[in-house]
Amino acid sequence: TGYYGDGLNAIIVFAACFLPDSSRTDYNYVMENLFLYVISTLELMVAEDYMIVYLNGATPRRRMPGLGWMKKCYQMIDRRLRKNLKSFIIVHPSWFIRTILAVTRPFISSKFSSKIQYVNTLAELREMIPMEYVLIPDSIVKYDEEKCIKRRMRTSCLSNDPEMTSVEQE
């Protein structure tokens, strides 16, 4: 959790890599109680505008919440919390997350859909929100660094490829 703006509005950070493994026998029970905890915490913390930062990087598929759980979360969040949400930022969005959101878009309000933003790196996130009060887990920082290194290597490989260079020059 962190804060932004003059009124120190809440930034809720949600790291999916810490969610329980879906192979647990008590998975549904744990997820149900986690949801209730998150909602009760939001209701206590959020009096004004707030934003959610969903850290998707470093999350194996078996730890990602299912479509049914996400739909239930959206439906159970009361109108005030939905209205006060200013931005839902997804950091390191996977193909799976993008697909789920594309498929569910017709079923969620256009106002909510317009609040969803994709961010590919922590550097991009820093450009959007003040990070001094936001704690990013080490596993996410490491994932981001590795992803940036791979991206730089891909970019430098492409720029050193004579065929790619000639294509760029045309």
Side-chain angles (χ1 to χ4, degrees), residues 1-20 22 27-28 30-144 147-148:
T1 304
Y3 299 94
Y4 71 98
D6 295 334
L8 292 181
N9 298 0
I11 299 173
I12 311 300
V13 179
F14 191 83
C17 61
F18 295 126
L19 288 173
S22 60
Y27 178 76
N28 290 331
V30 171
M31 290 301 282
E32 179 75 23
N33 284 294
L34 174 64
F35 171 71
L36 294 173
Y37 171 77
V38 168
I39 291 301
S40 62
T41 302
L42 278 175
E43 288 176 349
L44 289 173
M45 291 181 63
V46 175
E48 309 266 330
D49 296 346
Y50 70 105
M51 67 175 59
I52 295 176
V53 175
Y54 178 82
L55 303 171
N56 189 62
T59 304
R61 174 67 189 100
R62 66 185 189 279
R63 290 192 186 271
M64 287 193 188
L67 180 59
W69 187 79
M70 287 192 275
K71 180 182 175 192
K72 185 178 178 181
C73 289
Y74 175 75
Q75 290 171 336
M76 288 184 68
I77 294 173
D78 83 8
R79 185 180 177 285
R80 178 184 65 87
L81 286 175
R82 275 190 278 206
K83 185 176 170 236
N84 288 354
L85 178 66
K86 292 304 162 205
S87 186
F88 186 88
I89 302 170
I90 301 172
V91 182
H92 303 124
S94 63
W95 175 86
F96 176 75
I97 291 289
R98 288 180 187 263
T99 302
I100 282 182
L101 288 171
V103 167
T104 59
R105 196 163 290 242
F107 306 106
I108 57 178
S109 77
S110 59
K111 283 184 182 179
F112 184 79
S113 292
S114 69
K115 296 175 184 183
I116 298 172
Q117 297 176 280
Y118 296 115
V119 173
N120 293 312
T121 65
L122 293 176
E124 286 180 46
L125 182 63
R126 274 186 212 93
E127 292 173 13
M128 297 173 71
I129 64 171
M131 298 292 286
E132 60 268 14
Y133 301 114
V134 177
L135 177 65
I136 304 293
D138 291 339
S139 59
I140 303 295
V141 172
K142 184 178 179 190
Y143 174 86
D144 187 73
K147 193 173 175 182
C148 288

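We count residues from 1, following the sequence as given.
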Does V91 reach the side chain of V53, with side-chain heavy atoms less than 4.5 Å apart?
yes

Go through the structure and list residues passing side-chain contact (heavy atoms from CB on, under 4.5 Å) with K147, not counting sequence neighbours.
H92, Y143, R151

With sequence neighbours excluded, tell me which residues meet side-chain contact (heavy atoms from CB on, under 4.5 Å) with D138.
none

Which residues pass the ring pair (Phe, Tyr, Trp, His ring centres under 6.0 Å) test with F14, not counting sequence neighbours?
Y54

side-chain hydrogen bond (donor to acceptor under 3.5 Å, both in side chains) with E32: which residues, sequence neighbours excluded?
K72

R79: what forms a side-chain contact (heavy atoms from CB on, under 4.5 Å) with it, not counting sequence neighbours?
K83

Kindly write out the residues that satisfy salt bridge (Lys or Arg N to Asp or Glu O under 4.0 Å) with R126, not counting sequence neighbours, or none if the list is empty.
none

Contacts of type side-chain contact (heavy atoms from CB on, under 4.5 Å), residue S94, not counting sequence neighbours:
N56, M64, F96, I97

Taking the side chain as every heavy atom from C-beta outward, state whether L19 and L34 have any atom pair closer than 4.5 Å.
yes

Can you tell if the side chain of L36 reaches within under 4.5 Å of the side chain of N33, non-hydrogen atoms only?
yes

Here the gap from I77 atom CD1 to N84 atom CG, rounded to the nearest 0.5 Å, amounts to 12.0 Å

Applying salt bridge (Lys or Arg N to Asp or Glu O under 4.0 Å) to E43 and not counting sequence neighbours gives none

Does the pair L135 and V13 meet the rule for a side chain to side chain contact (heavy atoms under 4.5 Å, CB included), with working shown?
CA-CA 8 Å; L135 177 65; V13 179; over 6 Å; no

Can you confirm whether Y50 sits close enough to N9 that some side-chain heavy atom of one is under 4.5 Å from a side-chain heavy atom of the other?
no

How long is the straight-line distance from CD1 of I11 back to CE of M131, given to the nearest 0.5 Å?
8.0 Å

Result block: side-chain N/O donor-acceptor pairs under 3.5 angstrom for residues 102-111, not counting sequence neighbours:
unit_1: T104; atom_1: OG1; unit_2: I100; atom_2: O; d: 2.9
unit_1: T104; atom_1: OG1; unit_2: L101; atom_2: O; d: 3.4
unit_1: S109; atom_1: OG; unit_2: F112; atom_2: N; d: 3.0

Identify, with sequence neighbours excluded, every residue that meets side-chain hydrogen bond (donor to acceptor under 3.5 Å, both in side chains) alongside R63.
none

